[in-house]
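Remember, it's a predicted structure, so these values are computed and weren't measured experimentally.
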Amino acid sequence: MLFLDLDNTLLSSNLSISEENLRAIREASKKGVKIVICTGRGVFGVKSIAEQFEIEWENCYIICLNGGAVYKGYPPELIEEKLFDSNSAGIVYETAHRYSVDIQIYRDNCLIVERINERIQTYIDKHNANYKVIDSIADYDGKISKILLNGDNETLVKIQKELMPKVSGKMNCFFTSDIYLEFTGLGITKGEAMEELADKLGIDIKETIAMGDSFNDMSMIETAGLGVAVRNAVKPLKDKAGYITKSTNDESAVAEVIDRYILGVTKSTAGEYKFRLPIRIFIIILVIEQLLAHAFSLNAFKILRYEYVYGVSEGYKLGIIGIIIPLVLCFIVDYFNQRTKGEDEEEFWENKYGKKG
């Protein structure tokens, strides 16, 4: 099973799905891999995305609301919903009102709010959300799947710091983006939902891959057989991941993982020369060259040398040859360095950016 987060993982920054990602998802599905969308979005924000997959949905699923609801197939059919009492979240509502941030609560296919302002309208438009407006969320006595506080990051950080000690052991609290702070009931996380679904379908959790980018994906990548953080993920998620993609969400990171771990078509580039300017090698050779040039008075090799010709001219001159020689040598050294080490593309990426960077 392949579990895919949406925003900033499968979706590009403009909220589209690249053709490379779609190609890889379809090929994986044809091989019998179960594709599972695993998102914090409500199902209303997933339908238009799932529709683009054009795969066999009979045995594929959608996990929404950070594990609060599970749907089968497409069009999505609700098969499980994990709810908690809205009344138990009074401290969250009171704090949100005090800091003047917007409160959004969720139940199945519906977003429930107290008012429609610019922030909430932006959210509705982005997710194509079904919604209803009520007088007071604090007085709502129904069951809900999650709470989302919508506001500026600085204010939400203060709210999280204030509420964490008060809701610990009662609710999960995490950021899903800089402007969204979310709360779910205990036992409602992406990781728990994917583990239960895999168990229900008789699939060993070791045979699963999960991909994400943010804090709400932590449980998912820790639960999966292989937890993957996309290159643009938050650092704490990278620190927990078993693999970090070379690509970002804007560079078809999902296709990279499917090709490598499911389709097995990643091309090895071991031994192939990759043209690059090895700055470190260039500087080392340049320094050695200049030290030797000054030690043995080799003026022709000095980058900056003083020239005096009687009766004609005098002054400092720039020696181009002192730059050209180290430049050529650095490429030669790097060529043999790559061939000798058998460095492949992934090793180059990790050497350049760091596996946990």
Side-chain angles (χ1 to χ4, degrees), residues 4-17 36-53 61-84 86 89 92-93 96-97 100-140 142-153 156 172 174-185 188-190 193 212-217 249:
L4 298 174
D5 174 53
L6 293 182
D7 295 287
N8 298 313
T9 300
L10 173 64
L11 301 183
S12 301
S13 297
N14 63 4
L15 303 183
S16 67
I17 310 177
V36 184
I37 292 174
C38 199
T39 179
R41 291 185 179 208
V43 71
F44 45 72
V46 180
K47 291 178 180 178
S48 62
I49 296 167
E51 186 177 23
Q52 299 175 55
F53 284 9
Y61 297 81
I62 299 171
I63 296 173
C64 291
L65 303 172
N66 289 312
V70 182
Y71 298 82
K72 181 177 180 179
Y74 181 83
E77 173 191 347
L78 181 65
I79 59 172
E80 185 176 2
E81 193 173 17
K82 292 187 175 181
L83 305 171
F84 62 99
S86 179
V92 176
Y93 302 148
H97 283 135
S100 299
V101 299
D102 297 316
I103 308 169
Q104 302 173 193
I105 59 177
Y106 298 74
R107 175 70 189 266
D108 186 15
N109 194 30
C110 189
L111 168 67
I112 304 168
V113 295
E114 293 176 321
R115 60 183 178 272
I116 301 295
N117 57 20
E118 185 177 353
R119 276 195 307 229
I120 293 178
Q121 189 62 57
T122 298
Y123 182 94
I124 290 170
D125 293 342
K126 176 182 177 180
H127 297 278
N128 194 27
N130 300 321
Y131 67 92
K132 70 177 180 180
V133 180
I134 62 175
D135 292 334
S136 172
I137 282 179
D139 294 333
Y140 180 77
K143 299 276 189 178
I144 57 174
S145 297
K146 81 168 184 176
I147 305 162
L148 183 149
L149 302 188
N150 187 341
D152 67 273
N153 180 255
L156 293 178
N172 302 305
F174 44 76
F175 276 92
T176 53
S177 83
D178 289 342
I179 59 173
Y180 300 148
L181 179 63
E182 302 196 13
F183 298 81
T184 61
I188 304 177
T189 64
K190 288 187 177 185
D213 74 289
S214 196
F215 298 98
N216 62 322
D217 300 316
N249 64 308

Once rounded to the nearest 0.5 Å, what's the spacing between atom OG of S177 and atom CG of D7? 8.5 Å
Residue among I188, I105, I147 satisfying side-chain contact (heavy atoms from CB on, under 4.5 Å) with F183: I147
How far apart are the closest heavy atoms of L78 and E81, and which atoms are they? CD2-OE1, 3.8 Å
So, the side chain of E77 versus the backbone of K72: is there a donor-acceptor pair under 3.5 Å, distance only? no
Check whether any side-chain heavy atom of K146 lies under 4.5 Å from a side-chain heavy atom of T176, and answer yes or no. no
Quick check for you: to the nearest 0.5 Å, what is the distance between I63 atom CD1 and K190 atom NZ? 9.0 Å
Working to the nearest 0.5 angstrom, can you tell me the gap between E114 CD and Y140 OH? 13.0 Å
Do you know which two heavy atoms are closest between Y180 and L156, and how far apart they sit? N-CD1, 3.8 Å
Please check if any side-chain donor atom of N117 sits under 3.5 Å from a side-chain acceptor atom of D102, or the reverse. yes
Going from OG on S16 to CG on L10, what distance comes out if it is rounded to the nearest 0.5 angstrom? 9.5 Å
Report yes or no: does N130 contribute a side-chain atom to a donor-acceptor pair with the main-chain N or O of C110 at less than 3.5 Å? no
Scanning both residues in full, the closest heavy-atom pair of L111 with Q104 reads CD1-CB, 3.5 Å
Quick one, I144 with F84, criterion side-chain contact (heavy atoms from CB on, under 4.5 Å). Give me CA distance, side-chain angles, the key distance, then yes/no. CA-CA 6 Å; I144 57 174; F84 62 99; 3.8 Å; yes
Using every non-hydrogen atom in the two residues, find where A50 and I37 come nearest and quote the distance to one decimal. CB-CD1, 4.0 Å
If every non-hydrogen atom of D178 is compared with every non-hydrogen atom of N153, which pair is closest and at what distance? O-ND2, 2.9 Å
Main chain of A193, side chain of K82: is a donor-acceptor contact present, judged purely on distance under 3.5 Å? no
Indicate whether any N or O donor in one side chain lies under 3.5 Å from an N or O acceptor in the other, for S136 and Y93. no
Just do the side-chain contact (heavy atoms from CB on, under 4.5 Å) check on I120 and Y131 with the steps written out, would you? CA-CA 10 Å; I120 293 178; Y131 67 92; over 6 Å; no
Do the rings of Y106 and F44 sit parallel, tilted or perpendicular, given the 30° and 60° boundaries? parallel
More than 12 heavy atoms of other groups within 6.0 Å of D125 CG: yes
I'd like to know if the side chain of N216 pairs up with that of E182 as donor and acceptor (distance under 3.5 Å, no hydrogens or angles considered). no
Would you say the side chain of P76 lies within less than 4.5 Å of the side chain of K47, judging by non-hydrogen atoms? yes
Has the side chain of N172 got a donor or acceptor atom that lies under 3.5 Å from a matching backbone atom of G185? yes
Under 6.0 Å between ring centres, would you say that holds for F53 and Y74? no
Might you point out which heavy atoms bring R115 and V133 nearest each other, and give the distance in Å? N-CG1, 4.0 Å
